[in-house]
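Presented below is the structure to which this report refers.
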Amino acid sequence: MHWADVAAQSLSHKGKKHVVSTGITPSGEFHIGHLREILTGDMISRAAQNAGLDVDFVFIIDSADPLRKVYDFLGPEYEQFVGNQLGAIPAPKKDGSPDWGRFENENWTYANHFLEPFLTALSEIGVNPRLIDNLESYRSGCFAELSKIACDRADEIRECIERISSRELPDDWFPWSPLNSKKGLDKVKVTGYEYPLVHWKDEYGETGSSDITKGEGKLPWRIDWPAKWGWIGVTCEAFGKDHGAAGGSYSTGREIAQLLGHEPPQPLVYEWISLKGQGAMSSSTGNTIGPIEALELVPPEILRLLIAKSKPNKAIEFDTGMGLVTLADEYERLAARDFENELASEELSRRQRVQVEDAAGAMRMTSTVSGQEALATAVTFRHLALLAQTKKNDEDVWSSLNSSGAVESVTPQLQDRLNRMRHWIGSEHFPEEMRINILEQPSVQMLQRFDADEKKILANMTAALEACEWDAASIGASIPQAARDLDLSPRSAFKVAYASLMGTEKGPRLAPILAEMEKLEIIALLHACIRCIPD
RNA sequence: GGGCCUGUAGCUCAGUCAGGUAGAGCGUCGGACUUUUAAUCCGAUGGUCGCGGGUUCGAACCCCGUCAGGCCCGCCA
């Protein structure tokens with residue numbers, strides 16, 4: 001069974017109505033690591049729906065969290081906002097300075113700024129959660145009741161956190177962080193509590209009172225989280241391994257939830273996504289690939305497959321080079337399979353059956369529209385990469401696919417894929433290995449290996465190409481003919497051609513590539529090859 | 001110091017919860033096809049299940065220990 005179906009099955013034992021929750025702090029640019037959070041939730045929801053459950057899938061935007069520090073992409077003006085809530089400060093402009101204009105006129109906040117492109121990407125990926133703005137929720141009183149319980153039972157909560165996380169809380173710790181005189185959450189001492197007011201004194205010597213029912217502050221993270229479960233009614237949540245460790249925030253959260261009067265949700269801990277060869281993704285080091293950037297390279301189904309095919313507890317290495325080709329081609333292969341038919345076979349061993357089921361389950365999760373079949377385009381990424389590089393305009397790509405019988409008509413899906421492919425080829429991520437490279441100088445190393453027959457073929461081929469019309473068909477005919485004239489296999493002619501023109505053992509279809517090149521340059525290269533072959 | 005996760009074929013991983021003949025995909029190799037060769041089809045190859053003990057008729061799976069990598073116990077998806 002696919003991991004999402006396993007989670008759904010376990011939920012089904014607990015009831016029919018469920019709220020699957022996800023949450024992210026919009027502190028900087030979103031990256032594909034965040035995509036795992038939201039897609040894991042999305043896939044559990046989808047599986048639960050398939051299992052006949054009534055599911056509400058929510059995405060909590062942690063806009064009540066404070067700005068931790070002035071990140072590299074922020075200007076020095078942000079110093080004044082450190083400790084202030086992300087949903088209550090202006091967004092950075094391109095140069096890193098605060099955009100006061102939009103903040104004052106449209107209430108365009110820091111949180112909005114980073115959230116918006118992510119939401120655009122999500123809708124393209126087919127994820128449509130109900131959005132809950134955390135700061136808004138505090139302000140409108142959603143947390144009021146649970147905040148009261150937390151403050152009333154401050155000692156029990158303190159005991160719980162100290163015991164489970166084995167860390168000592170300061171004497172003046174209180175389960176409510178009030179906003180100070182500058183609307184910041186840092187370095188505020190709680191001096192008293194009389195519901196609904198929490199009295200405080202800040203680092204500037206100012207004093208005041210924070211109404212816990214009106215969002216004049218927030219619950220600290222370890223309480224904020226279980227409180228959310230409570231008022232939203234969360235029954236299932238996937239979260240990163242950082243929260244999942246023993247003594248981590250889920251450990252304390254599940255007990256605090258009970259203190260607050262409700263059951264904790266069913267947890268699912270997932271591993272992180274790293275960028276191949278560069279370690280974990282991190283907004284602050286700039287070591288990121290955004291969901292938008294990823295979508296420029298591959299279609300949403302393939303991004304979904306990346307998450308769907310790995311069990312949550314497996315770390316994923318995202319590779320924007322060859323790994324992407326492999327992933328995309330894997331998608332095509334899977335999409336072309338007939339799982340039902342395979343499963344109908346009696347000969348499958350138990351293990352084989354499980355593997356087929358998992359693959360089928362993963363594919364169910366890849367469609368951007370729940371319930372829709374995954375579509376195979378019948379064109380592999382490899383092949384498309386080749387065509388995109390050799391054919392300058394799209395029409396030529398389609399006619400090539402048409403004549404080879406691979407594709408009957410151009411679907412929007414195919415056009416879309418070609419657009420992304422062209423983008424990828426133009427980007428730094430496109431693997432050199434896939435790039436078509438016609439040599440400028442002969443590869444002496446390759447040519448030295450030629451035997452007598454191959455030398456003859458080279459001479460023959462050079463003459464044939466020199467004489468032929470410079471179009472794909474004629475070139476394609478001339479190359480194997482150069483070997484046939486000598487009673488040698490066409491295969492050897494291509495071997496000679498690849499060695500001479502590309503310096504490789506084998507390669508992509510040569511004729512269309514050569515047709516796109518200047519005839520004179522190719523002929524010159526071949527002559528140069530002949531000259532540098534030792535006798 | 002305490003805890004969590006991971007370790008299975010060259011690579012990516014299933015299989016561990018409910019012990020019963022080591023499984024996929026990719027790669028590699030071979031063959032077929034030949035106006036193609038990063039294509040397609042067919043076939044083959046491949047593992048002391050990190051290591052050492054224990055329990056058992058039987059262990060990749062359960063128990064104990066150990067090694068290696070990653071992570072958590074401030075903040076982070």
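So that the names make sense, note that chain A is the first sequence line, chain B the second, and so on, each numbered from 1.
For the OP1/OP2 pair of B:rC75 and a distance below 4.0 Å, the side-chain nitrogens and oxygens of A:Lys69 include no atom meeting the criterion. Neither OP1 nor OP2 of B:rU12 sits under 4.0 Å from any side-chain N or O of A:Lys311.
Other residues, nucleotides and ligands contribute over 12 non-hydrogen atoms within 6.0 Å of the CD atom of A:Glu159. By the neighbour-count criterion of 12 heavy atoms within 6.0 Å, atom CZ of A:Arg337 is densely surrounded, having more than that number from other residues, nucleotides or ligands. The number of heavy-atom neighbours closer than 6.0 Å to NZ of A:Lys495, taken from other residues, nucleotides and ligands shown, is 12 or below. Open room surrounds CD on A:Glu79; 12 or fewer heavy atoms of other groups in view lie less than 6.0 Å from it.
Remark: the separation of the P atoms in B:rG30 and B:rG46 is 16 Å, to the nearest Å. As rounded to the nearest Å, B:rC29 and B:rC63 have C1' atoms that lie 43 Å from one another. If you take atom C1' in B:rC67 and the same atom in B:rG50, they sit 7 Å apart, rounded to whole Å. Across the P atoms, B:rC17 and B:rC76 are found 34 Å apart, a figure rounded to whole Å. Nucleotides B:rA22 and B:rG58 have their C1' atoms positioned 15 Å apart, rounded to a whole Å. Nucleotides B:rG19 and B:rC13, compared at atom C1', are 22 Å apart to the nearest Å. Between the P atoms of B:rU45 and B:rU8, the separation comes to 23 Å (whole Å). Straight-line distance between the C1' atoms of B:rA59 and B:rC64: roughly 15 Å, to the nearest whole Å.
Evaluation of atom-type donor-acceptor distances gives a pair under 3.5 Å for the side chain of A:Gln355 against the base of B:rG23.
Using N1 to N3 plus N6-O4 or O6-N4 for Watson-Crick, or N1-O2 and O6-N3 for G-U wobble, each under 3.5 Å, B:rU34 pairs with nothing. Figure legend. B:rU66 is base-paired to B:rG50; pairs are counted as Watson-Crick or G-U wobble with both atom distances under 3.5 Å. The pairing partner recorded for B:rC57 is B:rG20, the criterion being a Watson-Crick or G-U wobble arrangement whose two distances lie under 3.5 angstrom. Taking a pair to require two hydrogen-bonding distances under 3.5 Å in either a Watson-Crick or a G-U wobble arrangement, B:rU28 pairs with B:rA44.
Looking at the side chain of A:Trp221, the nearest of the listed nucleotides B:rU6, B:rC26, B:rC76 is B:rC76. Side-chain proximity of A:Lys241 to B:rC71, B:rC76, B:rC75: nearest is B:rC71. Of the candidate nucleotides B:rC75, B:rC73, B:rU6, B:rC73 has the atom nearest to the side chain of A:Ser165. Distance from the side chain of A:Leu510 is smallest to B:rU36 among B:rC75, B:rU36, B:rC76. In the set B:rC13, B:rC73, B:rU12, B:rC13 carries the atom at the smallest distance from any side-chain atom of A:Lys314.
Between A:Ser310 and A:Asp242, the residue anchored closer to the 5' end of RNA chain B is A:Ser310, taking for each the nucleotide with the nearest heavy atom. Checking A:Arg333 against A:Thr25, the closest nucleotide of RNA chain B that is more toward the 5' end is the one next to A:Arg333.
Taking the six-membered ring where tryptophan is involved, the planes of A:His243 and A:Trp225 are tilted, since the angle between them lies from 30° to 60°.
Residue A:Gly240 is in sugar-phosphate contact alone, with no base atom involved, counting any heavy-atom pair closer than 4.0 Å across all strands shown. Within 4.0 Å (heavy atoms only), A:Ala315 reaches sugar-phosphate atoms of the nucleic acid but no base atom. Residue A:Arg36 is out of contact with every strand shown, counting any heavy-atom pair closer than 4.0 Å.
One side chain, A:Asp485 or A:Gln481, offers a donor N or O that lies under 3.5 Å from an acceptor on the other.
If you take CG of A:Asp5 and C1' of B:rA14, they are 16 Å apart, rounded to a whole angstrom. Between the P atom of B:rG70 and the CD atom of A:Glu271 lies a distance of 12 Å, rounded to the nearest Å. As a whole-Å value, the separation of A:Ile513 CD1 from B:rU36 P is 14 Å. Rounded to an integer number of Å, the gap from A:Trp272 CH2 to B:rU6 P is 17 Å. Rounding to whole angstrom units, CH2 of residue A:Trp225 and P of B:rC75 are separated by 12 Å. A:Ile316 places its CD1 atom 15 Å from the P atom of B:rU6, with the value rounded to the nearest Å. Rounding to whole angstrom units, OH of residue A:Tyr331 and C1' of B:rG25 are separated by 17 Å. Taking atom OH of A:Tyr250 as the reference point, atom P of B:rC5 lies 15 Å away to the nearest angstrom.
Contact record, A:Arg304 with A:Met43: O-CE, 3.5 Å, taken as the closest heavy-atom pair.
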